[in-house]
Structure formats: C-alpha cells, structure tokens
Amino acid sequence: MTAVLVIADKVIFDDGAIQEIVVWQVPTPVPPTVHGFKYRLFYGSLGQRLIGYDNERGEGDHRHLEGVEEPYHVRGWEELIDDFLTDVARMRRRR
C-alpha cells in the first residue's frame with residue numbers, strides 16, 4: 001500500500017487567517033507513533049502559527065497552542081480534525 005490522501009482542505013478567512021488540514025493514511029506508522037496517519041494541521045497567518053497539530057518523525061503526535069508544544073493522543077483522524085477545529089473556533093471567538 002502507498003500513502004493515501006484522506007483529506008486536504010484550506011480555508012482563508014476574511015481577516016487573512018489561514019486554516020489548513022492535510023491527513024494521509026500511510027502504510028507504516030511514522031515513528032514513534034503507532035497509528036497509520038501522517039498529518040499537518042495549521043491555523044495562523046503568514047509567518048505565525050497559532051495552532052498546529054502534527055506528527056514529525058522522531059517527535060510523535062503533538063500540538064502547538066500559541067507557542068507551547070504539548071503531547072497529543074490521536075484517537076482517529078476524524079477526532080483529530082474535530083479537536084483541531086474546536087481549538088480554532090475557540091481562538092477565533094477570543095480574537
């Protein structure tokens with residue numbers, strides 16, 4: 001099996017903020033993760049990441065919230081996107 005694109009979506013809000021979601025199903029997990037997804041979720045503006053979820057090789061699943069990196073437990077790609085969109089909505093309400 002080769003990598004299969006699950007979702008690729010990009011939204012540019014009226015205020016210029018960018019939301020981008022890219023999730024791939026991969027044939028083997030990206031170490032040290034044990035699930036079969038490679039993902040990159042971003043919210044911010046050019047040159048500024050306010051929210052990010054990703055699983056870099058060697059780092060595992062984690063998220064970035066306003067400059068703070070913390071571990072993140074992936075339950076599935078749909079829940080991953082739901083958690084990300086919840087964080088984005090919360091931040092957009094605050095701004």
Side-chain angles (χ1 to χ4, degrees):
M1 175 177 123
T2 59
V4 176
L5 183 63
V6 175
I7 185 170
D9 184 62
K10 185 174 185 177
V11 175
I12 301 175
F13 294 95
D14 291 339
D15 62 3
I18 301 165
Q19 172 185 293
E20 187 170 19
I21 298 170
V22 179
V23 179
W24 293 85
Q25 184 174 3
V26 293
T28 57
V30 177
T33 63
V34 294
H35 57 75
F37 298 103
K38 173 71 179 150
Y39 59 91
R40 174 177 41 85
L41 289 71
F42 170 87
Y43 173 76
S45 57
L46 293 177
Q48 182 184 31
R49 175 179 55 195
L50 297 172
I51 301 171
Y53 285 58
D54 62 274
N55 62 334
E56 296 176 33
R57 181 174 293 280
E59 250 189 82
D61 300 311
H62 60 281
R63 69 179 177 177
H64 306 262
L65 297 173
E66 297 182 277
V68 176
E69 183 177 321
E70 60 187 25
Y72 174 78
H73 175 70
V74 173
R75 300 175 314 279
W77 69 268
E78 292 156 325
E79 292 85 1
L80 168 72
I81 292 171
D82 286 346
D83 290 346
F84 171 71
L85 293 176
T86 296
D87 284 343
V88 170
R90 186 178 304 123
M91 181 167 288
R92 290 192 60 77
R93 280 193 304 270
R94 287 189 355 230
R95 294 184 171 258

Check whether any side-chain heavy atom of [X] sits under 4.5 Å from a side-chain heavy atom of [Y], and report yes or no.
X     : Y     : answer
His73 : Asp61 : no
Ile81 : Ile21 : yes
Thr86 : Arg90 : yes
Val22 : Lys10 : no
Val88 : Leu50 : no

Of the non-hydrogen atoms in [X] and [Y], which two are nearest, and what is the gap between them?
X     : Y     : answer
Arg63 : Tyr53 : NH1-OH, 3.1 Å
Lys38 : Val30 : CD-CG2, 3.8 Å
His62 : Tyr39 : N-OH, 4.1 Å
Arg40 : Asp54 : CA-CB, 4.5 Å
Ala3  : Pro27 : N-CD, 4.0 Å
Val26 : Phe37 : CG2-N, 4.0 Å

Candidates Arg92, Arg49, Gln19 - the one meeting side-chain hydrogen bond (donor to acceptor under 3.5 Å, both in side chains) with Tyr43 = Arg92
Distance (rounded to the nearest 0.5 Å) between [X] [atom1] and [Y] [atom2]:
X     : Y     : atom1 : atom2 : answer
Phe42 : Phe84 : CZ    : CZ    : 8.5 Å
Leu80 : His35 : CG    : NE2   : 8.0 Å
Leu41 : Leu85 : CG    : CG    : 8.0 Å

inquiry  = Is it the case that atom CG in Leu46 sees more than 12 heavy atoms from other parts of the structure closer than 6.0 Å?
reply    = no
ask   = Please walk me through it: do Leu65 and Asp87 pass side chain to side chain contact (heavy atoms under 4.5 Å, CB included)?
value = CA-CA 9 Å; Leu65 297 173; Asp87 284 343; 3.7 Å; yes
ask   = Does Ile7 belong to the same Ile/Leu/Val/Met/Phe/Trp/Tyr cluster as Ile51, with side-chain heavy atoms less than 4.5 Å apart forming each link?
value = yes
